[in-house]
Participant: 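Take this structure, written in structure tokens, and hold onto it; I'll ask about it next.
In what follows, chains are A, B, ... by sequence order, proteins preceding strands, each numbered from 1.
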2 protein chains.
Amino acid sequence: MNKKNLTLKDIAALSGVGKSTVSLVINKSPRVKTATRERVEAVIREYGYTPSLTARALRAQREKIIGIIMTRLDSAAENRAIRAILAEAYQAGYDAILQESMLDPRRLEEHLHVLESRRVEGVILFGFSGMDDVDLTPWQHRLVLIARQRPGFASVTYDDSGAVDLLMARLHASGRRNVSFIGVDEQDHTTGRARYQAYLAGCKRYGFSGAARLGDLSYQSGFTLAETLLDQESEALICATDTLALGALKSIQARGLQVDVSSIGSTPLLAFLHPEVTSVRLGFAKAGLRALHMLLEMQHDKAAGGQLVLPCSLED
Amino acid sequence: MNKKNLTLKDIAALSGVGKSTVSLVINKSPRVKTATRERVEAVIREYGYTPSLTARALRAQREKIIGIIMTRLDSAAENRAIRAILAEAYQAGYDAILQESMLDPRRLEEHLHVLESRRVEGVILFGFSGMDDVDLTPWQHRLVLIARQRPGFASVTYDDSGAVDLLMARLHASGRRNVSFIGVDEQDHTTGRARYQAYLAGCKRYGFSGAARLGDLSYQSGFTLAETLLDQESEALICATDTLALGALKSIQARGLQVDVSSIGSTPLLAFLHPEVTSVRLGFAKAGLRALHMLLEMQHDKAAGGQLVLPCSLED
DNA sequence: CTGTTAGCGCGTTCAC
DNA sequence: GTGAACGCGCTAACAG
């Protein structure tokens, strides 16, 4: 009853041919007589045989698997990137092993080790601040970083300062003078420092007044910071992420303030709850796609890769 | 330079012993002289050798991999379950291949086929309405369904009607008489029909008046339905999911209605944005955990499994 | 041109 | 502590 997994050899016996003939049939080699092919195919269908990718991988010295290490499963941004990656990888015949680093370098190391054991062909790694000490050298030519750069490594990054610039320019154009900012601690080099510094630079350039507060990535943080940062005088607020914006907007709404809020991420949820908010699209899905493409190219050409900075945009 | 993957054989040669000795060392067999063991271990460390799980799996006839097929990567509920599963699976030495069905039975079939090729040990499948025609027989003893039952299959389901009952009882206790409902089309048997029917039954039991509207799972739908369903007279509203509640609350807030809203899911986001809302915890994380445990037990004991219905709760 | 035999890839296991 | 067989599919070389 428990139809134990059939093997190529079994199929060969059942259809009265040699192992290799079955293999040829499976791999659609034209060098098999049609009659034979059909007989073998019939047997395969009848017994529901599926060749073992494990054996194939062993033989081919090549697992068609990639590892994806995200920081957090519930990051909306990474989610969108992953979705694009999974779909595309699937098309290319790859499967993905998913892991979560939880921003913990130790966990990252462990995960990389597992992926090494599995002989995955490549890794897509969502970078985070604490990972700078992790040695990625063994992966140099089969790893693509997302959201973070490292010399000598392929990467796809978002245009953090460009995104802030877009928002600042827009506020300048609409005549704002007072522009505040809610962001993330500068220990986070991208979402944190880069966006904050871009804000500071923009203030100088456009002559904006306004204050800034930095916290963590949670909406709670957005709320708390907004509470102390904003008052009746506040004209405009830029949030480093949509999540922060969601928190800040709660405070704004509760106090009935009139503030022009804009943020970065362009999450569907934010667009739904607060359509009046301008949010920059960083291109998460595209980032995932490009990262995967890079990775696949790097298989064939070690020189491929490079550091791609994705353009951001305001349009829908 | 390209330190190609070393094999057990290489290590054996480098340390001047036989393949099997290296294998014994790796597997911590006590039958190796300490001196030899240390020499081999030194070589392994020096060259950074990692045994191939692929080869091991082929030999052992057993891949320590499970497949997880979720409906949508961005489902907060599934996300929480997955997170629990990944962490626990990792502890047990398993890795997970993740796939997204997008509620499409065809995609589900394809994914199962891939998992079959990979010879995964088991599958955790997040059920959905359109999947009834998909033949799961070959997976009968190595698959656990979540959020959906099927005769003869192991499953972990949420207590849909129990959750609604909790909310209805609470409203009854606080003296409500007019209770409306926003749900999901009955084609969805669990989130849709079960919760809706529980609402109808509750109305009869407690003598509630109130109307209901069904739509899809989006917050847009929640909003739209609330717009037509609620008015100044509305006392209380039950939403089949937190997402719907989020949509409905937007309408409620915009119109300044006073409605006691409750829902099912207990998402952190909802708790943050609308702490006044009562939301039932269905136990997503626990569901994931239990599903994984079932699956692992089923490896050893075909008879394990069964249909577990998770209790829901109101407390934090 | 069609199909078979043999050996590989890599870690495990068992008899010697 | 070791060689050899094994698990499964691929493929070069070879026979009909």
Participant: Under 4.0 Å, heavy atoms only, any strand: does A:Ser52 hit a base, just the sugar-phosphate, or nothing?
Facilitator: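 Sugar-phosphate, backbone atoms only, no base.
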Participant: If you compare every side-chain N and O of A:Gln61 against the phosphate oxygens of C:dC10 (OP1, OP2), does one of them come in below 4.0 Å?
Facilitator: yes
Participant: Could you state the CD-P distance from A:Glu116 to C:dC10, rounded to the nearest angstrom?
Facilitator: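 The answer, rounded to whole Å, is 13 Å.
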Participant: Using a cut-off of less than 4.0 Å, is there contact between a side-chain N or O of A:Tyr49 and OP1 or OP2 of D:dC8?
Facilitator: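 Looking at the OP1 and OP2 atoms of D:dC8, neither is under 4.0 Å from any side-chain N or O of A:Tyr49.
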Participant: Within the structure provided, determine whether B:Ile65 and B:Glu121 are in side-chain contact (heavy-atom separation under 4.5 Å).
Facilitator: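 The answer is no; the side chains never approach within 4.5 Å.
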Participant: Quick one: B:Arg59 CZ to D:dG9 C1', roughly how many Å, whole number?
Facilitator: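 Atom CZ in B:Arg59 sits about 16 Å away from atom C1' in D:dG9.
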Participant: Classify A:Ile26 by what it touches in the nucleic acid, base, sugar-phosphate, or nothing, heavy-atom distance under 4.0 Å.
Facilitator: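 No contact at all - A:Ile26 keeps every heavy atom at 4.0 Å or more from the nucleic acid.
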Participant: Tell me whether B:Lys28 is salt-bridged to B:Glu41, with the criterion being a basic N under 4.0 Å from an acidic carboxylate O.
Facilitator: no
Participant: Under 3.5 Å, is there a donor-acceptor pair linking the side chains of A:Asn27 and A:Ser29?
Facilitator: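 Their side chains do not contain a donor-acceptor pair, so the 3.5 Å distance test is not met.
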Participant: Does B:Asn27 have a side-chain nitrogen or oxygen under 4.0 Å from the phosphate oxygens OP1 or OP2 of C:dT12?
Facilitator: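 Checking B:Asn27 against C:dT12: at least one side-chain N or O falls below 4.0 Å of OP1 or OP2.
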Participant: Rounded to whole Å, please give me the gap between CD1 in B:Ile44 and P in C:dC10.
Facilitator: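 That distance rounds to 16 Å.
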Participant: C:dT12 P sits how many Å from B:Leu53 CG, rounded?
Facilitator: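 Taking CG of B:Leu53 and P of C:dT12, I get 9 Å after rounding.
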Participant: Is it true that A:Arg118 and B:Glu63 have a side-chain N and a carboxylate O under 4.0 angstrom from each other?
Facilitator: yes
Participant: Once you round it to whole Å, what is the distance between C1' of C:dT12 and CG of B:Leu58?
Facilitator: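 It is 11 Å, rounded to the nearest whole Å.
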Participant: Mind checking if B:Val32 touches a base, just sugar-phosphate, or nothing, with heavy atoms under 4.0 Å?
Facilitator: sugar-phosphate
Participant: Which of these passes side-chain contact (heavy atoms from CB on, under 4.5 Å) with A:Phe126: A:Ile68, A:Leu145, A:Leu103?
Facilitator: A:Ile68
Participant: When you measure from the side-chain N and O atoms of A:Ser20 to the phosphate of C:dG3, is any distance below 4.0 Å, counting only OP1 and OP2?
Facilitator: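 No, because none of the side-chain N or O atoms of A:Ser20 sits under 4.0 Å from OP1 or OP2 of C:dG3.
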Participant: So, OP1 or OP2 of D:dC10: does either fall under 4.0 Å of a side-chain N or O from A:Arg56?
Facilitator: yes
Participant: Can you measure B:Arg31 atom CZ to C:dT13 atom P for me and round it to whole angstrom units?
Facilitator: 11 Å
Participant: Rounded to the Å, how far apart are A:Leu24 CG and D:dC10 C1'?
Facilitator: 9 Å
Participant: Given C:dT2, D:dT11, C:dG11, identify the nucleotide with an atom nearest to the side chain of A:Lys33.
Facilitator: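 Out of C:dT2, D:dT11, C:dG11, the nucleotide with an atom closest to A:Lys33's side chain is C:dT2.
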Participant: Between the side chains of B:Lys64 and B:Asp95, is the shortest nitrogen-to-carboxylate-oxygen separation below 4.0 Å, so that they form an ion pair?
Facilitator: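 Salt bridge absent between B:Asp95 and B:Lys64.
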Participant: Check whether any side-chain heavy atom of A:Leu289 lies under 4.5 Å from a side-chain heavy atom of A:Ile85, and answer yes or no.
Facilitator: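 Sidechains of A:Ile85 and A:Leu289: no contact.
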Participant: Within the structure shown, what part of the strands sits under 4.0 Å from B:Thr54 by heavy-atom distance: base, sugar-phosphate, or nothing?
Facilitator: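 If one applies the 4.0 Å heavy-atom cut-off, B:Thr54 turns out to touch nothing in the nucleic acid.
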Participant: With a 4.0 Å heavy-atom cut-off, tell me which residues in residues 7-18 of chain B come close to DNA chain C, sorted by residue number.
Facilitator: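 B:Thr7, B:Leu8, in order of number.
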